[in-house]
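What you see below is based on every heavy atom in this structure, not just the backbone, and it leaves out hydrogens, waters and symmetry mates.
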Amino acid sequence: MARLLHNLLLLTVGLTLKIRVMGYWSLIYGYCALCTGVALLKLGWNIILRPSTTFQWTVRETPPACLNDTSLGTHCYVKIKESGLRFHYVAAGERGKPLMLFLHGFPEFWFSWRHQLREFKSEFRVVAVDMRGYGESDLPSSTESYRLDYLVTDIKDIVEYLGYNRCFLVGHDWGGIIAWLCAIHYPEMVTKLIVLNSPHPCVFTDYALHHPSQMLKSSYYFFFQLPYFPELMLSINDCKALKSLFTSRSTGISCKGRWLTTEDLEAYLHALSQPGALTGALNYFRNVFSVLPLSQSEVKSPVLLLWGERDAFLEQDMAEACRLYIRNHFRLNIISGASHWLQQDQPDIVNTLIWTFIKEGEGRKNYRNL
């Protein structure tokens, strides 16, 4: 009888797990279908309103002058033997000084860290990378090439190529996700972790599944699972959707004095309009559901988490929940009035908070609102 009960229990547990897995993927594909329907309606409406311009977009062949601003650093390239990929990065500050490595988010590239490159080059070797699939780095075409373990290994390989075994790691948005994972899997490599508007991956997974409002804000994750169609929707009307991400009242940079100039915006469009660029960027999203939740989750490095109060894509409650996964000093700063594009929206505040975190001891007060 005991053996029979044990077998029944195992069968029940296995069946429950299968049901949960089926429910998980049914939710993903169902929401993807819903988002696709909405996108099709938007496309049809665009064709009705702008029949002559909907399918027009321009590949910007000549980079704007701001991308060659020497005050930001020197343009460099590295080819990693293991992956065979070539990476582009901009570096400033003296070689041999501590390394501060910057990882950008979607749909950005190294240029999003321009304010930090100027600020921290006095005491650090600062390096802003074009991550795999972005900017002047190689753009592998297959979705499989953007698995999270590959993206994390890229950062480890780049740090080692630069001649370092440790760094101050700074990441925003998708770069923040990769930075969290680097700190989880290579704790000895991360002296201090600084993340902007990007929750710990486990927090994001759990929170989104239990909060429909966040699931709605994350609907683009599901839409981006489709092949080809998201690239089309981001390209129509000469990349109007991409422009809107940075400039609209709902999702764009909040601080009036920090709005992107025409040249700044052209820098982003130059990078994203190149053949294969949008596919590379979207392939990050096309791998995310296959690896979450994580098997490892603890972060042993000291962590500074900066969060824009007016983030249109991520709810603020996730920021405090990240504390559960950190086994070291944790400092959280909520920056009032700031958008998702935090390091461009409020660079002076961001830079000051990073300086404070880098130089402070671990006994200080670890939370305050700005």
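- Put simply, the side chain of Tyr186 does not reach to within 4.5 Å of the side chain of Leu181, judged on heavy atoms.
- With values rounded to the nearest 0.5 angstrom, Arg331 atom CZ is found 8.5 Å from Phe357 atom CZ.
- The main-chain N or O of Lys240 is never found under 3.5 Å from a side-chain atom of Ser244 such that the two would form a donor-acceptor pair.
- The pair Asp154-Arg132 meets the salt-bridge criterion, since a charged nitrogen lies less than 4.0 angstrom from a carboxylate oxygen.
- For Ser301 (side chain) and Val190 (main-chain N/O), a donor-acceptor pair under 3.5 Å exists by modelled atom type.
- Residues Phe204 and Ser218 meet the side-chain proximity criterion, which asks for heavy atoms closer than 4.5 Å.
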Pair up each side-chain donor or acceptor in residues 72-81 with any protein partner under 3.5 Å, not counting sequence neighbours, and list the distances.
unit_1	atom_1	unit_2	atom_2	d
His75	ND1	His88	NE2	2.9
His75	NE2	Leu67	O	2.8
Tyr77	OH	Glu136	OE1	2.3

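- Partner of Tyr284 under the ring-ring contact (aromatic ring centres under 6.0 Å, His included) criterion, out of Tyr220, Tyr134, Phe224: Tyr134 alone.
- A single hydrophobic cluster is seen to contain both Leu342 and Leu260, as judged by linkage of ILVMFWY side chains at heavy-atom distances under 4.5 Å, directly or through other members.
- Under a cut-off of 6.0 angstrom, the local environment of CD in Glu61 is sparse, with at most 12 non-hydrogen atoms contributed by other residues, nucleotides or ligands.
- Taken to the nearest 0.5 Å, the SG atom of Cys322 stands 6.0 Å off from the CH2 atom of Trp307.
- At a cut-off of 3.5 Å, with distance as the only test, no side-chain donor of Ser235 or Glu231 sits close to an acceptor on the other residue.
- A donor-acceptor contact shorter than 3.5 Å is absent between the side chain of Thr251 and the backbone of Thr247.
- Under the 3.5 Å distance criterion, the side-chain polar atoms of Asp130 are matched with a main-chain donor or acceptor of Trp110.
- Using a distance-only test at 3.5 Å, with no hydrogens or angles considered, no donor-acceptor pair links the side chain of Asn283 to the main chain of Tyr146.
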The test is side-chain contact (heavy atoms from CB on, under 4.5 Å); show your working for Leu234 and Leu272 and say whether it passes. CA-CA 10 Å; Leu234 291 173; Leu272 292 165; over 6 Å; no
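- A donor atom on one side chain and an acceptor atom on the other are not found under 3.5 Å apart for Ser339 and Arg310.
- In this model, a donor atom of one side chain and an acceptor atom of the other lie less than 3.5 Å apart for His329 and Glu360.
- Glu298 contributes atom CD, which lies 11.5 Å from atom CG of Leu324 (distance to the nearest 0.5 angstrom).
- Across all their heavy atoms, Arg286 and Gln225 have their closest contact at CA-OE1, 3.5 Å.
- The CG atom of Leu305 sits 9.0 Å away from the CG atom of Leu193 when rounded to the nearest 0.5 Å.
- Leu99 places a side-chain heavy atom less than 4.5 Å from the side chain of Val159.
- Ring planes of Phe102 and Phe120: tilted class, angle from 30 to 60°.
- Classified by interplanar angle (parallel below 30°, tilted 30° to 60°, perpendicular above 60°), the ring pair Phe285/Phe106 is perpendicular.
- Checking Asn351 against Gln116 by side-chain atom types alone, a donor-acceptor pair falls below 3.5 Å.
- Checked by atom type and distance alone, the side chain of Glu94 never pairs as donor or acceptor with a backbone atom of Lys121 at under 3.5 Å.
- A donor-acceptor contact shorter than 3.5 Å links the side chain of Asp264 to the backbone of Thr261.
- No side-chain donor from either of Ser198 and Asp173 sits under 3.5 Å from a side-chain acceptor of the other.
- With hydrogens and angles disregarded, a donor-acceptor distance shorter than 3.5 Å links the side chain of Asp345 to the backbone of Ser254.
- Using a cutoff of 4.0 Å between basic side-chain nitrogens and carboxylate oxygens, Arg118 and Asp69 are scored as salt-bridged.
- The closest side-chain heavy-atom distance from Lys156 to Met189 is below 4.5 Å.
- The minimum heavy-atom distance between Cys66 and Ala267, with the atom names listed, is SG-CB, 3.9 Å.
- Counting only heavy atoms from C-beta outward, the side chains of Ser112 and His172 never approach each other to under 4.5 Å.
- Distance OG1/Thr143 to CZ/Arg147: 12.5 Å, rounded to 0.5 Å.
- The number of heavy atoms from other shown groups lying within 6.0 Å of NZ (Lys243) is above 12.
- Closest approach of Ala319 to Ile334, counting heavy atoms only: CB-CD1, 4.4 Å.
- Side-chain contact check for Pro98 versus Arg125: every heavy-atom pair is 4.5 Å or farther apart.
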Might you work through the side-chain contact (heavy atoms from CB on, under 4.5 Å) test for Ile335 and Gln346, ending with a clear yes or no? CA-CA 8 Å; Ile335 301 179; Gln346 300 284 356; 4.2 Å; yes
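- Nearest heavy atoms, Val195 versus Gly176: CG1-CA, 4.0 Å.
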Set out, in order, the CA-CA distance, both residues' side-chain angles and the distance that settles side chain to side chain donor-acceptor pair (under 3.5 Å) for Glu119 and Trp355, then state yes or no. CA-CA 10 Å; Glu119 177 70 20; Trp355 276 123; 2.7 Å; yes
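- More than 12 heavy-atom neighbours from other residues, nucleotides or ligands sit within 6.0 angstrom of NZ on Lys97.
- Of the possible polar contacts, one joining the His200 side chain to the Cys202 backbone as a donor-acceptor pair under 3.5 Å is found.
- Considering CZ of Arg60 and CG of Leu269, their distance stands at 4.5 Å, rounded to 0.5 Å.
- Of all heavy-atom pairs between Pro107 and Leu245, the closest is CG-CD1, 3.8 Å.
- The closest side-chain heavy-atom distance from His340 to Asn197 is below 4.5 Å.
- Residues Ile155 and Leu103 form a side-chain contact, since some pair of their non-hydrogen atoms from C-beta on lies under 4.5 Å apart.
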Check the pair Glu108, Phe246 against side-chain contact (heavy atoms from CB on, under 4.5 Å), reporting the backbone distance first and the verdict last. CA-CA 10 Å; Glu108 302 173 287; Phe246 295 108; 4.0 Å; yes
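- For the residue pair Tyr207 / Glu315, a side-chain donor-acceptor distance below 3.5 Å is found, with atom types taken as modelled.
- In this structure, Lys192 forms no cation-pi arrangement with Phe168, as its terminal cationic atom is not both closer than 6.0 Å to the ring centre and no more than 45° off the ring axis.
- In summary, the side chains of Ser137 and Arg86 do not present any donor paired with an acceptor at a separation below 3.5 Å, with no hydrogens or angles considered.
- Using a 30° and 60° split on the angle between ring planes, Trp174 and Tyr221 fall in the parallel class, below 30°.
- Contact between Tyr150 and Glu144 at its shortest, heavy atoms only, is CE1-O, 3.4 Å.
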